[in-house]
Protein chains: 2
Amino acid sequence: MPASSKPAVKRPRASGRITLQEVAEAAGVSPITVSRALRGERAVAAELVERVRQAAEQLGYVPDPAARALASSRSSHVGVLIPLLSNALFVDLLDAIQRALLPAGYQTLIGVTHYDPAEEEALLRSYLLHRPAGLIVTGFDRTPVARKLIEASGVPCVHVMETVAEAGVYSVGFSQAEAGEAMTAQLIEQGRRHIAFAAAQLDPRTLQRAEGYRRAMQRAGRAPREWLNPQRSSLALGGQLFEQILHEAPEIDAIFFNNDDLAQGALLAALRLGVHVPAEIAVAGFNDLTGSDQMLPPLSTVRTPRSAIGREAARMLMSLMRGEAVPEPRLDLGFEIVRRGSS
Amino acid sequence: MPASSKPAVKRPRASGRITLQEVAEAAGVSPITVSRALRGERAVAAELVERVRQAAEQLGYVPDPAARALASSRSSHVGVLIPLLSNALFVDLLDAIQRALLPAGYQTLIGVTHYDPAEEEALLRSYLLHRPAGLIVTGFDRTPVARKLIEASGVPCVHVMETVAEAGVYSVGFSQAEAGEAMTAQLIEQGRRHIAFAAAQLDPRTLQRAEGYRRAMQRAGRAPREWLNPQRSSLALGGQLFEQILHEAPEIDAIFFNNDDLAQGALLAALRLGVHVPAEIAVAGFNDLTGSDQMLPPLSTVRTPRSAIGREAARMLMSLMRGEAVPEPRLDLGFEIVRRGSS
DNA sequence: CTGAAAGCGCTTACAG
DNA sequence: CTGAAAGCGCTTACAG
């Protein structure tokens, strides 16, 4: 075991933390070599790598994220921007992202934008100061400034929920419009003649689903009937919309709700009002959220692959962060129509 | 505008970032003074503070978190450990925490423990490496090692959901046992004779509620009847428990569920089975989650102040992080019994 | 394949 | 109340 030939380092350090320096002394190499060996950079002799690794393990060395960030101008943080935490959809997405990123040593910084572009911009600014290693953002609807911020930062970024084919843009999701179209088409096929589309929140993805609904209706030669409410989505609002539609358009024989919470609320309202689903009116939702299969009748809906989206987005991002090429920058994970008792 | 008398700094910096140095030159003071002025440390002349502030603003200076963390061995991160993201309770808690911490310049690091002490310990280790400015953790049920880690780190820590009176321990929450007791007492008062307690997950707070239930039953001279299921809480499980209780103990005339999702599931099962609530059997829940007021009949429950808990915990933590004394280290925010149609 | 030097951008004592 | 010096613990070019 060769003793270090370096001049004695001034101990003790204030922090009480094991440093790279100490590992280097223990392994009898220079700090840079330790740094390289531990980060798995090529260009280090296998024998040295082993020696360094053992010394590090024995001393219980763990790199200091702050020092690393300062020196490399890149942290181990990944910023994740989602619209809402109160929609189970995004909770599932987040959970999958964290599950993939954490074991790889990345910390997740969760930012909730409340569907507000200004809030998103502010969060982005704040995150970018921390020189994140990567970014995951929801959809493509943001201010030009926010777009510029992302681009100018050079930080790898993956977009989730929607996809787009554009050079240099990475996205994992599914076609919201096609999903809206498919559910509508199925209701038509099942013999429904007057199908309404009801939505809240009216975010971009909601409007894409509406677009799909319209396409299906037009193809079938039917006039679309839409109830679009800008309020927050909720069970209570679903019940209100249900009553409103019944009242304003008694001929409607099916309602396609933009989110399961609305549809669940409608189902409960139907029970309260004594309206029979699906005999008198069919109800369909979107996302297949918790409880939809427990409703009375169980809710027909569109199952969306948010866990897979989270996992794949995290994987794609990790490739980008390692500087690897991503062969498939646009990943469409599809969706599934789940027919249950309500339609 | 006094020109700097310092030797020319080697420009250009790689990062393209405005530094403290540059602000110092612009303001004609030393970097340390800028640092002090911007952090609002006393002991800087008011006139200089103003001059520095203006220079900083004009240059668009923002401190580098990594450099700051390295130099001060304290980051601007606050680690928040919660059991689950899929329980709306914790989402509300988180939202309130973020809302309080973000404007103050703290970044939230959210760790999901899945009720697993080993996972919590691992997260804690990982967070502590980042030298967080503060920590918010759920309850008091953790491994001795985890406890030691927190204590030894010296990082300010606030416990949420439960409270305890112990020197040096900070907590914001309410008495889970009293809440359980109060709801049970109310059911007894309303004339229910055979009250069951049904729970899932069986985390410490659940067991405390059970304890409260037992106390109320014993005080009324009734034998407690408990259905404790270790599975994850869900609507579906609530339905199952409901059927099971009906089957195993037909004399039961009220069920107190440990969480609203179980109770909601029970209500739906009752509808399905044609069991009349509350005439045949009363149902009560806990937490007053989304949708409980929309049920058929609307669910009686215990409203818990998780948003207030999040907000107050964040405030308490900020005091601690600033090194201020906290006069009230134990904050009991109470609860509220909400009687609706189901009991 | 390995290392000596410099530097990332701040803050912490220590003086005065 | 202000500053010069040193250092936090890494990594980035630059040599060899």
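First the proteins, then the strands, lettered A, B, ... as listed; each starts at 1.
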Verify whether the ring centers belonging to Y170(B) and H159(B) lie closer than 6.0 Å. no
Atom CZ in R53(A), atom CD in E57(A): separation rounded to 0.5 Å? 10.0 Å
Might you point out which heavy atoms bring V112(B) and L84(B) nearest each other, and give the distance in Å? CG1-CA, 3.9 Å
Is the backbone N or O of G134(A) less than 3.5 Å from a side-chain atom of Y106(A), with the two atoms forming a donor-acceptor pair by type? no
Quick one: are R36(B) and V29(B) in side-chain contact, heavy atoms under 4.5 Å? no
May I ask you to test the L331(A)-L333(A) pair for a side-chain heavy-atom distance under 4.5 Å? yes
Summary of protein contacts for nucleotides 10-15 of chain D, nucleotide by nucleotide, where a base hit scores B, a sugar-phosphate-only hit scores S (4.0 Å, heavy atoms): BBB---
Partner of E120(A) by salt bridge (charged side-chain N to carboxylate O under 4.0 Å, His left out), out of R125(A), R142(A), R147(A): R142(A)
Starting at atom CZ of R51(A), determine the distance to atom P of dC1(C), rounded to an integer number of angstrom. 16 Å
Can you find a side-chain donor-acceptor pair between S35(B) and R39(B) that sits under 3.5 Å? yes
Taking Watson-Crick (N1-N3 plus N6-O4 or O6-N4) and G-U wobble (N1-O2, O6-N3), each under 3.5 Å, can you produce the dot-bracket string of DNA chain C? Use [ ] for crossing pairs and | for inter-strand ones. |||.||||||||.|||
